[in-house]
Amino acid sequence: MKTVIKTTDLSKTYTGTAVPVHALKNVNLEFRQGEFTAIVGPSGSGKTTFLNVIGGLDKPTGGQVVIDGVDIATMKESKLFDFRLRHIGFVFQAYNLIPVLTAVENVSFIMLLQNRPKAEMEERAREMLNQVGLGDKVDVRPGKLSGGQQQRVAVARALASRPDFVLADEPTANLDTESAFNLLDIMSRLNREEHITLIFSTHDQRVIERARRVITLVDGAVASDEQFERTEVNEKA
Amino acid sequence: MKTLIKISWRNIWRNRSRSIIIITALILGLMGGVFSAAMRLALEEQQFEDTIDNQISHIQLHHPDFIANPEARYSIAGGIEIASELSMRDDIAVASARTVVDGMIASANMSSGVRIKGVVPEVEAKTTGLDELLSDGSYFTGGGRLPSVIIGQALADNLNTGVGSRLVLTFQDVDGEIVSSSFRVEGIFKLTSKSFEERTVYLNAAEMSRIVGAEDVVTEIAVVVEEPGEYRNVAEIIGGLYPDVKVRHWADLQPALYYSLEFLGEALIWILIIIIMAVSFGLLNTILMSILERVRELGVLLAVGMKRRKVFSMIVAETTIIAIIGGIIGLLMSWGMIEILGNTGVPIPGGEGLEDFGYASVLYPRIESSFYFEIALVLVIFAIIASLYPAWKAIRLQPAEAVRQE
Ligand SMILES: Nc1ncnc2c1ncn2[C@@H]1O[C@H](COP(=O)(O)OP(=O)(O)OP(=O)(O)O)[C@@H](O)[C@H]1O
Ligand SMILES: [Mg+2]
């Protein structure tokens, strides 16, 4: 399988604080196309920092992040915006959606920024909403959706534009157990069906068990990197 | 682009009451600005009409000594020729040669000091529109047993006389001799200025010649220029043509009026600046608040790859839409306001007393239609300027930081 992301000696030190914080220390990781990976670790271990750096939202202080053969660590800000738009999907813990747009408009949003043809955009957005089980909420605004439904819209949006990979920072943190499982199942299924690499961070042990690869960070360094064979028992086909 | 505007539009209505408040502020600001400007224009026009058009005209010519001693012997040499030469010029509408002297007027039981103006009725009508200022009587139709005079309403009240009454005028003739003659009040004119009404008497130039004892004695030439804005240039030209004559324009004659009009213009500009600033800062504050409330959301937009330029335009568009809504409603309401007040008039508080100083007690606000668009344009431009700072704040957000904020 093709390598999508490769980090080499990736480091990030926050210097804005009284004592410099070494949030990432020489992280060497490779992610291949189609992987479904959980980044786990205690609070403050550097999960968010890692995702931000490989997602081009933050600059590393050392090392490389090579995506599609390009080192984004040295990329200019303006190019990075475009790079994120074309290659990376994002799902955050909360407030992902534009409150004034309906579900389908939210899902179309990235494709809109990419200037995709309108008809294709609409069709894809509706299809994705169906995929996440929100086919009946197409014209509903986020405020009228539950937290779990909002996150599903966010996942649909992240995947709709078919990015190289999707980064999700604690996507289930604000959800109850059932919604969390449901979201994970959807993510896992879409990961297989759409062949889109999915990397998410989590605290939640039950969620971790769904991942096929689990990378554990401790104090900004990789403590373990394990692969699992999962049987998709919990998926609703 | 369409979606961007859609988002901006919907963002405006997210906090409905806040947007309505700021739109209301824009509307009131606009109405306040239009009202101030319309009142100023009304005041200026009323002053202009009253003082310049109906009293002093744009330019006056005198013998240099006449100014200190307004007597018949200080007349303009060749006054009749000068007046007719001036009348022929393209930049001058009309020039009225008058015989003006100071003297006394007396009724049966009262007397008063007045300025007596011997005029050619048809020319004077074109110069000051005296014929149209009459509130009572007629305009030099003649035919009576006694020669006619036209006096101001205030003077008539002071002398306790009316149309048809007999009056006696006393003044010095060309030789400095005191002369007296009887007249009949034929008409009474009315102006805003009580003091002008009190001290001005018009009679036919032919009668005047008879009493002063000489033909064609011209002590004053009043000039109305074609282009009111050109009064200074025209006065200068006339001064060059007739170096022996004292030429003064209305700003020389009425410096207080000139400065009060200048001051009004200046005051208006400051009023408008204050209104625009207040509204702009209100708008800035509103947009800034809405930015601060949306940090996470804006962070997400930047994170997913929405260019800073687009985020910037989105926020500027929000403000512009608010400004345009406020601008359009404000313009319509301002227009309605001026339409109504321009008909009913606006009473000036304590205005009765002001009449003595030549101010009307009721003004009819009026505005040039171009002003509506000018002030609306300025308001929209300032609104956009006011949005630049919040928009700049928004695009300086670091996506990683912004999405982290709890
Ligand atoms: N902007 C910042 N300035 C200074 N230090 C920071 C900043 N952001 C994160 N840190 C520090 O870097 C370290 C890693 O933080 P990070 O948020 O990546 O951890 P995390 O694993 O995502 O934690 P959590 O599970 O609580 O979300 C922590 O010690 C944190 O305090
Ligand atoms: Mg985190």
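Model, not experiment: these values are computed from the prediction. In what follows, every chain begins at residue 1, and chains take the letters A, B, ... in the order their sequences are listed. All heavy atoms count here, side chains included; hydrogens, waters and symmetry mates do not.
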Let me confirm one number: the OG-CD1 distance from Ser19(B) to Ile322(B), rounded to the nearest 0.5 Å.
4.5 Å
Counting heavy-atom pairs under 4.5 Å to chain B, which of Asn52(A), Val53(A), Val100(A), Ile98(A) comes out on top?
Val100(A)
If you count heavy-atom pairs under 4.5 Å between each of Leu85(A), Leu80(A), Asn96(A) and chain B, which one has the most?
Leu85(A)
Report the option among Gln398(B), Arg309(B), Met306(B), Lys307(B) that has the most heavy-atom pairs separated by less than 4.5 Å from atoms of chain A.
Met306(B)
Which answer fits Phe83(A), side chain, backbone, both or neither, if we ask what part of it has an atom under 4.5 Å from a heavy atom of chain B?
neither
After noting the C-alpha distance and the side-chain angles of Glu293(B) and Arg18(B), does the key distance pass the salt bridge (charged side-chain N to carboxylate O under 4.0 Å, His left out) rule?
CA-CA 13 Å; Glu293(B) 282 168 11; Arg18(B) 192 162 65 191; 3.1 Å; yes
Heavy-atom contact with chain B under 4.5 Å, split by part of Ser108(A)
neither
I need the Thr49(A) OG1 to Ile54(A) CD1 distance, nearest 0.5 Å.
11.5 Å
Measure Arg308(B) against the heavy atoms of chain A and call it side chain, backbone, both or neither at under 4.5 Å.
both
Given a strict heavy-atom distance threshold of 4.5 Å, which part of Arg86(A) is in contact with chain B: side chain, backbone, both, or neither?
neither
Nearest-0.5 Å distance that lies between atom CD1 in Ile22(B) and atom CG in Leu283(B):
5.0 Å
Quick one: do the Asp139(A) and Thr102(A) side chains pair a donor with an acceptor below 3.5 Å?
no
Does any backbone or side-chain atom of Leu101(A) lie under 4.5 Å from a heavy atom of chain B? Answer side chain, backbone, both or neither.
both
Name the orientation class of the two ring planes belonging to Trp9(B) and Trp13(B) (parallel below 30°, tilted from 30 to 60°, perpendicular beyond 60°).
perpendicular
Between Gly55(A) and Ile88(A) the two heavy atoms that sit nearest each other are O-CD1, 3.5 Å
Please look at Glu77(A) and chain B and tell me whether the side chain, the backbone, both or neither of the residue comes under 4.5 angstrom of a heavy atom of that chain.
side chain
Contacting moiety of Leu302(B), where chain A heavy atoms sit under 4.5 Å
both
